[in-house]
Structure formats: C-alpha cells, structure tokens
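A note on names: the letters A, B, ... follow the listed sequences, proteins ahead of strands, and every chain is numbered from 1.
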Amino acid sequence: MASENKKNLAKKTDSQKEDFFQKVFKIVAEIPYGKITTYGEIAQAIGLKSSARMVGWALNSTIGDSSLPCHRVINRNGELTGKRHFRTPTLMREMLENEGIEFIGEAVNLKKHLWKPPID
DNA sequence: CGGGTGACTTTAC
DNA sequence: CGTAAAGCCACCC
C-alpha cells in the first residue's frame, strides 16, 4: 500500500526536522548588532541553499519570540519582505534603523551591513 | 500519494 | 521599473 510508504516519507525522522529549525534559530540568533543577512545565505549555511523559502517558513515560528532578531533577516534585494508578518509593518524598519542600518529607499544597504553566517 | 501554499531566488521579456 | 514562470523544500489537508 502506498499509504504505508507515505508514513515513512512524511515522518523522516523526528529529530531531523527539528535540526532544521535549530540551525535557522542558531544562525539568526548569531547575527551581530547592526548587521543583516539574507534568506539565501542562511539557507546555504543550513544546507538548503536552493530553498530560501524554508528559512522564511522557519522564521514564521519566531513570531512572538523577541529573543530572536528576525528583523535582521531580509531578502536578496535588501527589501524587508517579512515586515508584513510583524506586529506592525513599520516595526521592522524602525528596529533596523535603530541599530544603525543604512537604508537606500525601501531597502537596506547590503554592501555595508551584510553578514554571512558561518557554514558549519 | 497528490495538490496547495509560502518572510525566496533567478531568469526572461 | 513591472509581471510571469520555474525551481526549490517542508508543512498541511
């Protein structure tokens, strides 16, 4: 039966999927003050370099968790794509500006503040 | 298993 | 500048 197969595939290994979250959390938590990084860089550090989407998805679980600087994670263009998931759409930019992040229009100055996570 | 969705990225027009 | 499409992986139903 195919259904039996599905169980094995969907389940994978309970520990494995948590590892994905742990990596994202760890990296984001390591972003230094006044720096930012991109979904792509994090995805690459985790090993899912082709799926920056998963980083944002994992970050969704951080909503309400003030101990994680999710406002320092932006997209490849420096735009605050995740701002709409914050309590207020302006909060993300305000937090970054408060840390000394330089903005160019609606995007941050990647060249100046981009921080690349260590690839473990 | 299969279809839908998403805080992304890249290429193409 | 803009929109479209494909690729990507994990979650949910």
**Request:** Flag yes if L68(A) and I63(A) sit in one hydrophobic cluster, no otherwise; membership is Ile, Leu, Val, Met, Phe, Trp, Tyr, and two members link when side-chain heavy atoms are under 4.5 Å apart.
**Result:** no

**Prompt:** Does S67(A) offer a backbone N or O that forms a donor-acceptor pair with the side chain of D65(A) under 3.5 Å?
**Reply:** yes

**Request:** Verify, without hydrogens or angle tests, whether S51(A) (side chain) and M54(A) (backbone) share a donor-acceptor contact under 3.5 angstrom.
**Result:**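 Checking the backbone N and O of M54(A) against the side chain of S51(A), no donor-acceptor pair under 3.5 Å is found.
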
**Prompt:** Does the side chain of E99(A) come under 3.5 Å of the side chain of H71(A) through a donor N or O and an acceptor N or O?
**Reply:**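 Side-chain D/A pair, E99(A) to H71(A): present.
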
Quick one: which protein N/O atoms are closer than 3.5 Å to N/O atoms of nucleotides 5-7 of chain C? Pair and distance per line, please.
| residue | atom | partner | partner atom | Å |
| --- | --- | --- | --- | --- |
| dG7(C) | O6 | R53(A) | NH1 | 2.7 |
| dG7(C) | O6 | R53(A) | NH2 | 3.3 |

Non-hydrogen atoms of [X] and [Y] that approach each other most closely:
X: L110(A); Y: G78(A); answer: CD1-N, 3.6 Å
X: I101(A); Y: G34(A); answer: CD1-O, 3.1 Å
X: A29(A); Y: P69(A); answer: CA-CD, 4.1 Å
X: F25(A); Y: A58(A); answer: CE2-O, 4.0 Å

Whole angstrom is fine here: how far is it from [atom1] in [X] over to [atom2] in [N]?
X: L80(A); N: dA7(B); atom1: CG; atom2: C1'; result: 10 Å
X: E79(A); N: dT9(B); atom1: CD; atom2: C1'; result: 12 Å
X: Q22(A); N: dA10(C); atom1: CD; atom2: P; result: 16 Å
X: K23(A); N: dC9(C); atom1: NZ; atom2: P; result: 14 Å
X: K83(A); N: dA7(B); atom1: NZ; atom2: P; result: 14 Å
X: L48(A); N: dC8(C); atom1: CG; atom2: P; result: 13 Å

**Message:** Does the Lys NZ or Arg CZ of R76(A) fall within the cation-pi geometry relative to Y39(A) - under 6.0 Å from the ring centre and within 45° of the axis?
**Reply:** no

**Asked** Taking atom CZ of R93(A) and atom CZ of F103(A), what is their separation to the nearest 0.5 Å?
**Response**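 Answer rounded to 0.5 Å: 5.0 Å.
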
**Asked** Which residues, if any, of residues 57-77 of chain A bring a heavy atom under 4.0 Å of DNA chain B?
**Response**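 Under 4.0 Å from DNA chain B: L59(A), N60(A), T62(A), I63(A), C70(A), N75(A), R76(A).
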
**Request:** Taking only heavy atoms on the protein side, list every residue of residues 90-114 of chain A lying under 4.0 Å from any atom of DNA chain B, sorted numerically.
**Result:** none

**Fill in**
Out of dT9(B), dA7(B), dC9(C), minimum distance to the side chain of S51(A) belongs to dC9(C)

**Message:** Is there a side chain to side chain contact (heavy atoms under 4.5 Å, CB included) between W115(A) and E41(A)? Walk through the geometry before answering.
**Reply:** CA-CA 9 Å; W115(A) 172 84; E41(A) 290 291 342; over 6 Å; no

